[in-house]
Protein chains: 2
Amino acid sequence: MTASRPYANALELLRAAKLRPTRQRLALARLLFEKGDHHVTAEQLHGEAQAAAVPVSLATVYNTLHQFVDAGLLREVAVNPGRSYFDTNTADHHHFFFEETGKLMDIPSDRINVTNLPEPPQGAIHRVDVTIRVGKAKA
Amino acid sequence: MTASRPYANALELLRAAKLRPTRQRLALARLLFEKGDHHVTAEQLHGEAQAAAVPVSLATVYNTLHQFVDAGLLREVAVNPGRSYFDTNTADHHHFFFEETGKLMDIPSDRINVTNLPEPPQGAIHRVDVTIRVGKAKA
DNA sequence: CTCTATGATTAGAATGATTCTAATTTAAGC
DNA sequence: GCTTAAATTAGAATCATTCTAATCATAGAG
Ligand SMILES: [Mn+2]
Ligand SMILES: [Mn+2]
Ligand SMILES: [Zn+2]
Ligand SMILES: [Zn+2]
């Protein structure tokens, strides 16, 4: 009953993704998936790893984040030009983006009504992102 | 009757924005606003200027783009981590983003129905962006 | 029209995020 | 325990963007 996610532990998660369970990947997977859903930058995750005394290079953090995205374990969020956010919530959902703090907050997809979506002139819809940008109060 | 926009020519537009009508700003304003609405990167606009034999540095292109954003003449679109798009359409609208080509296409805001927007826990909504990401056909 | 002050432009350096390279280390399977 | 392929790493390289500080141009005054 400790398993609230499909993959209770980092090891199974890596196995299912066909990624070798190395020391670094295990540690990063724990940092990412043993907390609730959240949003991190590569730099932040690297900082967390160092704080947890996990020796891992920034290059490996980037490699791992991209591998996790490719495996469908993470999703990349483009909200700020010049910095990528990685999102542990891979369910269909939307975001508040707080411009002052640079923080993201999830909005469950059934909490917003997006209807009457136009068809693209070519290709297929891969994702629909709604970003609500929030600035300082008093518009 | 050549004026389909509020500012028919670049000079008036710069005056209204309280920006000195320098050679470079005039040329960039023409490249941006004398065509229909479109989306450009700084690098692209710099290339267009050079093709039009307008001597302007990349630094000035960036300066000018940001001044135009601040003046409300342009809008910055964050859709691709690592590169900013500037949008001459400042009306409330949404986008298709074609992942293969990196191109944006406008969707008028009344063409999509976004309702039941949640209130942010703090601050005020500054903008609501809907981005429809389009990948290669055959999902 | 000329002068001056302020603002704008510029080349090139600096920055910050991300990616790459090539060398070293590690994990997997025997 | 070996061998081999994959992973990690430090550091260099790259790319977009911003900064610096020097030069140039515009606007307004005289
Ligand atoms: Mn990526
Ligand atoms: Mn900007
Ligand atoms: Zn999220
Ligand atoms: Zn647009």
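In what follows, chains are A, B, ... by sequence order, proteins preceding strands, each numbered from 1. Values reported hereafter were calculated over all heavy atoms of this structure, with side chains retained and with hydrogens, waters and symmetry mates removed.
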Without decimals, in angstroms, what is the distance between A:N63 CG and C:dT25 P? 18 Å
For residues A:P108 and A:H93, determine if any side-chain heavy atom of one lies less than 4.5 Å from a side-chain heavy atom of the other. no
What nucleic acid atoms does A:P21 come within less than 4.0 Å of, heavy atoms only: base, sugar-phosphate, or nothing? sugar-phosphate
A:K18 has an atom NZ; how far is it from atom P of D:dA6, in whole Å? 15 Å
B:H46 atom NE2 is separated from D:dT17 atom C1', nearest whole Å, by 14 Å
Mind checking side-chain contact (heavy atoms from CB on, under 4.5 Å) for B:P118 and listing every partner two or more places apart, or none if nothing turns up? A:F96, A:I107, A:R111, A:I112, A:I132
Side chain of B:S57, heavy atoms from C-beta onward: which of C:dT18, D:dT9, C:dA11 has the nearest atom to it? C:dA11
With the threshold set at 4.0 Å, does a side-chain nitrogen-carboxylate oxygen contact exist between A:K35 and A:E48? yes
Of all the nucleotides listed (C:dT18, D:dT17, C:dT10), which has the minimum atom distance to the side chain of B:T60? C:dT10
Would you indicate, yes or no, if D:dT9 has its OP1 or OP2 atom less than 4.0 angstrom from a side-chain nitrogen or oxygen of A:Q24? yes
Rounded off to whole Å, could you give me the CG-to-C1' distance for the B:L19 and D:dA25 pair? 16 Å
Starting at CD of A:Q67 and ending at C1' of D:dT8, how long is that distance when rounded to a whole Å? 11 Å
For the pair A:H46 (side chain) and A:A42 (backbone), establish whether a donor and an acceptor sit closer than 3.5 Å, ignoring hydrogens and angles. no
Is the distance from OP1 or OP2 of D:dA16 to the nearest side-chain N or O of B:S84 less than 4.0 Å? no
To the nearest Å, give me how far apart CG (B:N80) and P (D:dC15) are. 15 Å
Nearest-angstrom distance from the residue atom CG of B:D70 to P of D:dT18: 11 Å
For atom CG of A:L58 and atom C1' of D:dA12, their distance in whole Å: 14 Å
Compare side-chain N and O positions of A:R23 against OP1 and OP2 of C:dT25 and report whether any pair is under 4.0 Å apart. no
Return yes if a side-chain donor-acceptor contact under 3.5 Å exists between B:D129 and B:H94, otherwise no. no
Between B:H66 and D:dT17, is there a contact of a side-chain N or O with OP1 or OP2 at under 4.0 Å? no
side-chain N/O B:Y62 vs D:dT17 OP1/OP2, d < 4.0 Å: yes
Among D:dA6, D:dA10, D:dA25, the nucleotide that comes nearest once only the side chain of A:R20 is considered: D:dA6
Return no unless some side-chain N or O of A:R25 is found under 4.0 Å from OP1 or OP2 of D:dA7. yes
Can you tell which of D:dA7, C:dT10, D:dT26 lies closest to the side chain of B:A59? C:dT10
